[in-house]
Colleague: 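Just dropping this structure here.
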Amino acid sequence: MRNVAFILLFGLFSSLSFSQSIARQWKEEVLNGIRNDFARPTVHARNLFHTSVAMYDAWALFDANADTFFLGKTVGGFHCDFEGFTTSENTSEVRKKAISYAMYRLMLHRFYDSPRQSEIFDSINELMDELGYDRSNSSTNYTTGDGASLGNYIAQQLIAFGLQDGSNEALGYENQFYEPLNEPLNTDISGNPDMTAPNNWQPLKVENYVDQSGNSIPGGQPPFLGPEWGRVTPFSLQETNKTIYPVNGFDYVVYHDPGPPSYLQDGMGIEDPYKWGFSLVAAWSSHLDPADGVMIDISPASLGNLNSDTFPHTFEEFKAFYDYDNGSDPSTGHSLNPKTQLPYEPQMVLRGDFTRVLAEYWADGPDSETPPGHWFTILNYVNDQPELEKKFKGKGDVLSDLEWDVKAYFILGGAMHDVAVTAWGLKGYYDYVRPISAIRYMADRGQSSDPNLPSYHPNGLPLTPGLIEIIYEDDPLAGAFGEYIGKIKVYSWRGPSFIIDPNEDVAGVGWIVAEEWFPYQRPSFVTPPFAGYVSGHSTFSRAAAEVLTLLTNDPFFPGGMGAFDAPANSFLKFEKGPSASLQLQWATYRYASDQTS
């Protein structure tokens with residue numbers, strides 16, 4: 001059956017029903033398709049954009065004040081022939097038909113090899129049947145004036161465009177040149193003994209590897225996803241923002257190059273930005289236990305009023321910006337809700353519940369629409385709020401649901417697509433290490449803070465009292481035969497090995513041998529299979545927040561707050577929690593973006 005439950009992702013309005021434009025209905029189908037496909041943010045950013053183009057052009061063709069983006073145009077060297085379209089059909093109906101056939105044909109093509117293809121195809125077949133459209137009509141002869149043929153033609157041309165846009169879709173988006181510098185890390189054993197390039201990405205080998213969308217990956221060792229994605233034809237990225245970097249005979253295309261990340265330096269301890277950054281990850285992992293009793297206010301009254309001027313740029317600024325010991329950033333919240341002119345109501349919750357819910361919510365798992373799709377669900381949530389006036393950039397007449405949707409989807413889709421091209425171009429070129437590899441690599445070597453203490457190594461973890469320490473002989477972690485004496489321990493989330501029944505167990509936080517450190521994830525999905533720099537979540541989210549701010553001409557969610565309900569003891573999927581129901585709350589789109597980051 002066609003899955004529409006996800007339109008109620010934000011539970012506050014789950015009892016309401018909304019009339020939906022044909023564009024909204026089909027975009028929900030795309031999101032359903034993404035959830036039933038492999039978790040591939042690059043591929044799905046592209047799918048979200050191309051389907052948005054299909055709908056926008058099918059709408060714009062019949063508006064005297066709009067122009068098509070693809071029909072009759074040349075995009076990235078591909079020319080879409082188009083001779084114009086005349087019809088005797090009602091404009092509203094021909095638009096609806098053209099959008100539906102374009103989306104149907106494009107989805108049949110793009111999701112043909114999906115692991116849960118039958119669920120996707122059953123759903124779109126059902127929608128076509130509900131609309132009364134003949135699914136066997138595959139004509140592309142739009143000169144007859146038939147809206148179905150027009151939609152089929154749009155899909156045909158977008159499919160042809162996609163087969164030459166640099167994504168290597170024809171070969172399943174496989175990498176053509178990239179090879180990892182490191183041997184895989186087997187997460188079923190301790191440490192990281194085979195890593196030779198600590199600044200670079202490392203494949204992970206996980207028995208029974210399951211991706212973010214719940215699909216088993218044969219061999220348990222997924223390759224780097226999309227390291228060559230910078231070569232994909234963008235939407236609006238400019239040549240002036242592009243740099244080409246030759247590496248071993250392959251040209252990596254990079255847009256908006258921010259420069260390299262921090263590389264591992266000998267010695268320096270916590271004053272090495274590489275060591276500081278990854279030890280911060282381990283330190284903040286100690287905040288994932290509600291049993292510590294720490295209470296915090298997670299309402300807009302206390303969080304979420306940062307602006308770009310306050311963001312750190314230097315290492316010293318980073319150290320001042322992030323609270324290493326307690327978590328969070330310098331934001332202080334908003335004194336009033338600007339829509340109601342009333343104070344935001346505080347929401348005191350256990351920090352360990354908030355951090356766990358935040359991590360799982362923004363990780364988009366385990367039924368992932370991936371980060372670009374996640375922001376489409378947020379857009380749809382915003383669109384459903386009664387306080388929203390659907391005026392383009394907050395000006396002019398209120399638009400119809402269809403016009404608002406096709407324009408919003410087109411702009412957000414273009415932004416998400418360009419983020420994928422930009423971020424993954426950088427990921428491929430800089431090829432940067434992820435936390436589990438870096439933390440275990442440094443832990444294997446020892447500590448880098450004091451040459452006069454045991455286990456000194458210039459590439460070891462920096463010691464931090466109460467968070468990262470040396471194991472001595474009287475330590476409970478020393479081992480039955482003293483095998484862990486001199487090794488490094490971290491005070492951290494204890495990992496999935498402490499969870500037998502995810503419906504009942506909580507791993508909690510405690511001292512563990514650092515070479516067994518695990519990010520807050522289930523054991524079958526340890527970390528996404530691509531480089532850590534730059535952050536895809538951060539770039540997708542900030543771009544989407546800017547789009548929503550500009551689209552509505554308002555930095556605030558409708559009514560002054562967006563929210564998501566996480567019910568007690570049922571929201572978390574790989575351990576029990578949260579211990580009490582809570583609500584993620586964001587006054588502004590930018591704060592939602594900041595929280596993701």
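Values reported hereafter were calculated over all heavy atoms of this structure, with side chains retained and with hydrogens, waters and symmetry mates removed. If you're wondering where the values come from, they're calculated on a predicted model, not measured in any experiment.
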Colleague: Distance alone, cut at 3.5 Å: any donor-acceptor contact between the side chains of Asp165 and Ser167?
Modeller: yes
Colleague: Within the structure provided, determine whether Ser114 and Asn36 are in side-chain contact (heavy-atom separation under 4.5 Å).
Modeller: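 No, every pair of side-chain atoms sits at 4.5 Å or beyond.
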Colleague: Identify, with sequence neighbours excluded, every residue that meets ring pair (Phe, Tyr, Trp, His ring centres under 6.0 Å) alongside Tyr589.
Modeller: Phe557
Colleague: For Glu83, is the CD atom crowded, meaning more than 12 foreign heavy atoms sit under 6.0 Å from it?
Modeller: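 Not buried by this count: 12 neighbours or fewer within 6.0 Å.
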Colleague: Might you work through the side chain to side chain contact (heavy atoms under 4.5 Å, CB included) test for Tyr142 and Asp146, ending with a clear yes or no?
Modeller: CA-CA 6 Å; Tyr142 62 85; Asp146 177 27; over 6 Å; no
Colleague: Does Phe78 reach the side chain of Cys80, with side-chain heavy atoms less than 4.5 Å apart?
Modeller: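 A side-chain contact exists here, since the closest heavy-atom pair is under 4.5 Å.
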Colleague: Side chains of Trp404 and Val398, heavy atoms from C-beta outward: is any pair under 4.5 Å?
Modeller: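 No; the side chains remain at least 4.5 Å from each other.
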Colleague: I want to check something: taking the side chain as every heavy atom from C-beta on, are Phe121 and Met107 in contact at a cut-off of under 4.5 Å?
Modeller: no
Colleague: What residues, two or more places apart in sequence or in another chain, satisfy salt bridge (charged side-chain N to carboxylate O under 4.0 Å, His left out) together with Asp37?
Modeller: Arg40
Colleague: Are Phe540 and His374 an aromatic pair, judged by ring center distance below 6.0 Å?
Modeller: no
Colleague: Taking Lys390 first and then Asp401, would you say they form a salt bridge - that is, a charged N and a carboxylate O separated by under 4.0 Å?
Modeller: yes
Colleague: Could you check whether atom CG of Asn248 has more than 12 heavy atoms from other residues, nucleotides or ligands sitting under 6.0 Å from it?
Modeller: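 No.
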Colleague: Measuring only between side-chain heavy atoms, which start at C-beta, is Met103 closer than 4.5 Å to Ile124?
Modeller: no
Colleague: Please report the shortest heavy-atom distance between Gly145 and Thr87, naming the atom on each side.
Modeller: O-OG1, 2.7 Å
Colleague: Looking only at side chains, do Tyr173 and Arg46 share a donor and an acceptor under 3.5 Å apart?
Modeller: yes
Colleague: Do Tyr56 and Tyr409 make the cut of ring centroids closer than 6.0 angstrom?
Modeller: no
Colleague: Going by the rule salt bridge (charged side-chain N to carboxylate O under 4.0 Å, His left out), which residues pair with Asp257 if we only count those two or more places apart in sequence or in a different chain?
Modeller: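 Asp257: no salt bridge (charged side-chain N to carboxylate O under 4.0 Å, His left out) contacts found.
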Colleague: Do Trp26 and Ser100 pair up side chain to side chain, a donor and an acceptor below 3.5 Å, judged on atom types alone?
Modeller: yes
Colleague: Identify, with sequence neighbours excluded, every residue that meets salt bridge (charged side-chain N to carboxylate O under 4.0 Å, His left out) alongside Glu317.
Modeller: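 Partners of Glu317 under the salt bridge (charged side-chain N to carboxylate O under 4.0 Å, His left out) test: none.
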Colleague: Tell me the closest heavy-atom pair linking Gly304 and Thr588, and the distance in Å.
Modeller: O-OG1, 4.1 Å
Colleague: Identify, with sequence neighbours excluded, every residue that meets side-chain contact (heavy atoms from CB on, under 4.5 Å) alongside Val547.
Modeller: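 Residues passing side-chain contact (heavy atoms from CB on, under 4.5 Å) with Val547: Ile411, Leu412, Ala415.
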Colleague: Test Arg35 against every option in Glu369, Glu29, Glu119 by the salt bridge (charged side-chain N to carboxylate O under 4.0 Å, His left out) rule and name the one that passes.
Modeller: Glu369
Colleague: What are the two closest heavy atoms between Arg110 and Leu158, and how far apart are they?
Modeller: NH2-O, 3.8 Å
Colleague: With sequence neighbours left out, write down each residue that passes ring pair (Phe, Tyr, Trp, His ring centres under 6.0 Å) with Tyr322, or none if nothing qualifies.
Modeller: Trp284
Colleague: Determine, using ring centers only, whether Phe530 and Trp201 are less than 6.0 Å apart.
Modeller: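 Judged by ring-centre distance (under 6.0 Å), Trp201 and Phe530 do not meet the cut-off.
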Colleague: Just so I know, are the side chains of Met55 and Ile99 near enough to count as touching, which here means a heavy-atom distance under 4.5 Å?
Modeller: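 In contact.
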Colleague: Hey, can you tell me if Phe62 and Phe85 have their rings parallel, tilted or perpendicular (30° and 60° cut-offs)?
Modeller: perpendicular
Colleague: Could you list the residues that satisfy side-chain contact (heavy atoms from CB on, under 4.5 Å) with Ala543, not counting sequence neighbours?
Modeller: Met416, Val419
Colleague: So which pairs with a foot in residues 51-68 pass salt bridge (Lys or Arg N to Asp or Glu O under 4.0 Å), sequence neighbours left out?
Modeller: Asp67-Lys73
Colleague: Does a salt bridge link Glu89 with Lys97, judged by any charged N lying under 4.0 Å from a carboxylate O?
Modeller: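 Salt bridge between Glu89 and Lys97, a charged N being under 4.0 Å from a carboxylate O: yes.
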Colleague: Do Glu546 and Arg590 come within less than 4.5 Å of each other through their side chains, counting heavy atoms only?
Modeller: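 With C-beta onward as the side chain, the pair touches.
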Colleague: Tell me every residue that passes side-chain contact (heavy atoms from CB on, under 4.5 Å) with Glu239, counting only those two or more places apart in sequence or in another chain.
Modeller: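 Glu239 satisfies side-chain contact (heavy atoms from CB on, under 4.5 Å) with Lys242 once adjacent residues are dropped.
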Colleague: As a quick check of understanding, evaluate side chain to side chain contact (heavy atoms under 4.5 Å, CB included) for Asn32 and Ser123, giving each step before the final call.
Modeller: CA-CA 9 Å; Asn32 181 50; Ser123 188; 3.8 Å; yes
Colleague: Verify whether the ring centers belonging to Phe556 and His334 lie closer than 6.0 Å.
Modeller: yes
Colleague: Which of parallel (below 30°), tilted (30 to 60°) and perpendicular (above 60°) describes Phe564 and Tyr361?
Modeller: tilted
Colleague: Does Asp418 have any side-chain contact (heavy atoms from CB on, under 4.5 Å) partners at least two apart in sequence or in another chain, and if so, which?
Modeller: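 Expected list: Pro234, Phe235, Ser236, Leu237.
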Colleague: Sorted by first residue and then second, give each salt bridge (Lys or Arg N to Asp or Glu O under 4.0 Å) pair with at least one member in residues 147-162; sequence neighbours left out.
Modeller: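 Pairs touching residues 147-162 that pass the test: none.
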Colleague: Name all residues meeting the salt bridge (charged side-chain N to carboxylate O under 4.0 Å, His left out) criterion together with Lys427; count only those two or more places apart in sequence or in a different chain, and write none if there are none.
Modeller: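 Result, salt bridge (charged side-chain N to carboxylate O under 4.0 Å, His left out) vs Lys427: none returned.
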Colleague: Go through the side-chain N and O atoms of Arg542 and Ser593 and say whether any donor and acceptor fall under 3.5 Å apart.
Modeller: no
Colleague: Looking just at side-chain N and O atoms, do Tyr430 and Asn199 make a donor-acceptor pair shorter than 3.5 Å?
Modeller: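 No pair is found: no donor N or O on one side chain lies under 3.5 Å from an acceptor on the other.
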Colleague: Using the six-membered ring wherever Trp is involved, compare the ring planes of Tyr429 and Tyr245 and label them parallel, tilted or perpendicular (cut-offs 30° and 60°).
Modeller: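 Plane angle under 30°, so parallel.
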Colleague: Can you check side chain to side chain contact (heavy atoms under 4.5 Å, CB included) on Val421 and Thr233, steps first, answer last?
Modeller: CA-CA 8 Å; Val421 172; Thr233 300; over 6 Å; no
Colleague: Could you walk me through whether Phe318 and His313 satisfy the ring-ring contact (aromatic ring centres under 6.0 Å, His included) test, starting with their C-alpha distance in whole Å, then the side-chain angles of each, then the deciding distance to 0.1 Å, before giving a yes or no?
Modeller: CA-CA 7 Å; Phe318 269 93; His313 299 282; 8.1 Å; no
Colleague: Are Phe250 and Tyr178 close enough that their ring centers fall under 6.0 Å?
Modeller: no
Colleague: Ignoring hydrogens and geometry beyond distance, is a side-chain donor-acceptor pair present between Ser139 and Asn141 at under 3.5 Å?
Modeller: no
Colleague: If we count only N and O atoms by modelled type, under 3.5 Å, do the side chains of Gln595 and Trp586 hold a donor and an acceptor together?
Modeller: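 Looking only at side-chain atoms, Trp586 and Gln595 do form a donor-acceptor pair, the distance falling under 3.5 Å.
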Colleague: Counting N and O atoms only, with roles assigned by atom type, does the side chain of Thr74 sit under 3.5 Å from a partner on the main chain of Gly77, one being a donor and the other an acceptor?
Modeller: no
Colleague: Side chain to side chain contact (heavy atoms under 4.5 Å, CB included) between Trp375 and Leu548: does it pass, once the steps are laid out?
Modeller: CA-CA 10 Å; Trp375 278 93; Leu548 287 168; 3.9 Å; yes
Colleague: What heavy-atom pair brings Leu426 and His256 nearest, and what distance separates the two atoms?
Modeller: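 Heavy atoms of Leu426 and His256 come nearest at CD1-O, 4.4 Å.
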Colleague: Any donor-acceptor pair under 3.5 Å linking the side-chain atoms of Gln156 with those of His109?
Modeller: no
Colleague: Taking the side chain as every heavy atom from C-beta outward, state whether Tyr591 and Leu306 have any atom pair closer than 4.5 Å.
Modeller: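 No - every pair of side-chain heavy atoms lies 4.5 Å or more apart.
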Colleague: CG of Asp397: more than 12 outside heavy atoms within 6.0 angstrom?
Modeller: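 Counting neighbours around CG of Asp397, 12 or fewer heavy atoms of other residues, nucleotides or ligands fall under 6.0 Å, so no.
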Colleague: For residues Leu379 and Ala408, report the shortest heavy-atom separation together with the two atoms involved.
Modeller: CD2-CB, 4.0 Å
Colleague: Give the minimum heavy-atom separation between Pro261 and Tyr432, together with the two atoms involved.
Modeller: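 Shortest heavy-atom contact: CG-CD1, 3.4 Å.
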